[in-house]
Amino acid sequence: PCLGVVMPVFNEKNTIGQVAAMVLKQRPVQELIIVDDASTDGTTEIVRGLEEEHACVRVLQHETNQGKGAALRAGFEKAKAPYVVVQDADLEYDPREYHLLLEPVLGGKADVVLGSRFIGSGPHRVLYYWHSVGNKLITTLSNIFTDLNLTDVECCYKLFRRDVLGQLSLRENRFGIEPEIVAKVARLRHRIYEVPVSYHGRTYREGKKIGWRDGFSAVRCIVRYNLAN
């Protein structure tokens, strides 16, 4: 085992148990750090049960809702495994694909590996057209500043060597942490690989949380962190 999984969670009682079970079945997983961002729907009781049942599960509890970025920063600080991956607490991303993310780093080719929903031939649920347009615009703007040729800046799956995480000094509390990570990894000139992942997106009725305001926040973060001295 060599992989630490950091999972931010907010009000995901319908999926958190199933996702955690899938994560814990993966052979590379050394630890699962769940950061409960002040859930109010019963999620807290479920994750505490997971911590009691599994020695490799650690739960961090936020007293007030702070956002995905704040949850990730808290989880990253506690990770001990040599490699660390981000896992959402819904069922949009499949932990059985960790091997795809690990291969470039275990082969000594990469320091950071990003997933992409827009390359490869994996299954993808067909959903919102304007979300895909917005994602492409955000990714293009990020690439203009970083001079990278990524295809999916906003993809959840991001895997790091743990020592790389220690160099990033992340600040964003909400979804803006995604372009912030890319900007800071690019600035440090770490070796970046991108691998195809499948995507089983959900609708807002099913619990999707990201919205158009987060798109504007992403643009702000791209400009801010790429132009920072």
Side-chain angles (χ1 to χ4, degrees), residues 1-98 101-102 115 125 127 154-160 162 165 170-178 181 197-211 213-214 217:
C2 63
L3 185 62
V5 181
V6 174
M7 184 188 299
V9 57
F10 175 64
N11 288 351
E12 297 288 3
K13 69 175 183 178
N14 294 327
T15 57
I16 179 63
Q18 185 176 348
V19 174
M22 293 173 67
V23 168
L24 295 172
K25 287 180 181 178
Q26 307 312 309
R27 291 179 60 187
V29 173
Q30 174 180 325
E31 59 183 349
L32 170 58
I33 301 171
I34 301 173
V35 186
D36 181 9
D37 198 23
S39 294
T40 59
D41 69 339
T43 293
T44 301
E45 290 71 23
I46 295 172
V47 298
R48 285 176 178 168
L50 289 167
E51 186 176 38
E52 293 175 0
E53 183 178 354
H54 301 279
C56 63
V57 174
R58 181 171 184 182
V59 175
L60 307 179
Q61 186 73 48
H62 283 174
E63 295 302 320
T64 60
N65 182 261
Q66 300 177 48
K68 180 178 182 178
L72 285 180
R73 289 191 285 108
F76 289 159
E77 289 179 3
K78 300 298 182 181
K80 294 181 172 61
Y83 306 104
V84 179
V85 69
V86 177
Q87 173 70 54
D88 281 349
D90 50 39
L91 294 170
E92 292 191 335
Y93 295 89
D94 191 342
R96 290 173 295 185
E97 297 180 342
Y98 288 162
L101 297 153
L102 277 167
R125 183 179 179 182
L127 280 174
E154 295 287 339
C155 183
C156 159
Y157 272 168
K158 293 177 171 64
L159 183 144
F160 314 84
R162 183 161 56 87
L165 279 177
L170 300 170
R171 300 175 58 180
E172 287 298 310
N173 283 338
R174 309 199 80 83
F175 290 105
I177 198 167
E178 306 281 8
I181 286 173
V197 297
S198 58
Y199 181 62
H200 310 282
R202 57 182 181 170
T203 65
Y204 287 103
R205 179 176 295 180
E206 293 167 335
K208 193 172 189 67
K209 297 180 176 68
I210 195 167
R213 290 183 180 87
D214 298 300
S217 177

Minimum heavy-atom distance between T40 and N11, given as atom pair plus value: N-OD1, 2.7 Å
Between CG on residue L170 and CG on residue L72, distance to nearest 0.5 Å: 8.5 Å
Atom pair NZ/CD1 of K68 and I177 - distance to nearest 0.5 Å: 8.5 Å
Show me the donor-acceptor pairs, under 3.5 Å and distance only, between side chains in residues 73-81 and residues at least two apart or in other chains.
{"from": "R73", "atom 1": "NE", "to": "E172", "atom 2": "O", "distance (Å)": "3.4"}
{"from": "R73", "atom 1": "NH2", "to": "N173", "atom 2": "OD1", "distance (Å)": "2.2"}

Salt bridge (charged side-chain N to carboxylate O under 4.0 Å, His left out) partners of K158, counting only residues at least two apart: E178
Derivation of the side chain to side chain contact (heavy atoms under 4.5 Å, CB included) call for C56 and V29: CA-CA 9 Å; C56 63; V29 173; 5.6 Å; no
A38 versus F10, closest heavy-atom pair with distance: O-CE1, 3.5 Å
Nearest heavy-atom neighbours spanning D37 and T64: OD1-O, 3.6 Å
Distance-only side-chain donor-acceptor flag, D41 / S39, under 3.5 Å: no
Partner residues of P82 under the side chain to side chain contact (heavy atoms under 4.5 Å, CB included) criterion, sequence neighbours left out: C2, Q30
Audit row: D94, V197, side chain to side chain contact (heavy atoms under 4.5 Å, CB included) steps and yes/no: CA-CA 8 Å; D94 191 342; V197 297; over 6 Å; no
Listed partners of Y83 passing ring pair (Phe, Tyr, Trp, His ring centres under 6.0 Å), at least two apart: none
Shortest non-hydrogen contact between V57 and L50, atoms and distance: CB-O, 3.9 Å
Contact list for residues 50-61, test side chain to side chain donor-acceptor pair (under 3.5 Å), sequence neighbours left out: D36-Q61
Minimum-distance pair of heavy atoms, taken over all atoms of A89 and P8: CB-O, 3.7 Å
For N14, all residues meeting side-chain hydrogen bond (donor to acceptor under 3.5 Å, both in side chains), sequence neighbours excluded: none
When the side chains of residues 17-25 are checked against the rest of the protein, which donor-acceptor pairs come out under 3.5 Å, sequence neighbours left out?
none

Salt bridge (charged side-chain N to carboxylate O under 4.0 Å, His left out) involving R162 - partner list, sequence neighbours excluded: none
Side chain to side chain contact (heavy atoms under 4.5 Å, CB included) between Y157 and Q87, intermediate numbers included: CA-CA 6 Å; Y157 272 168; Q87 173 70 54; 2.6 Å; yes
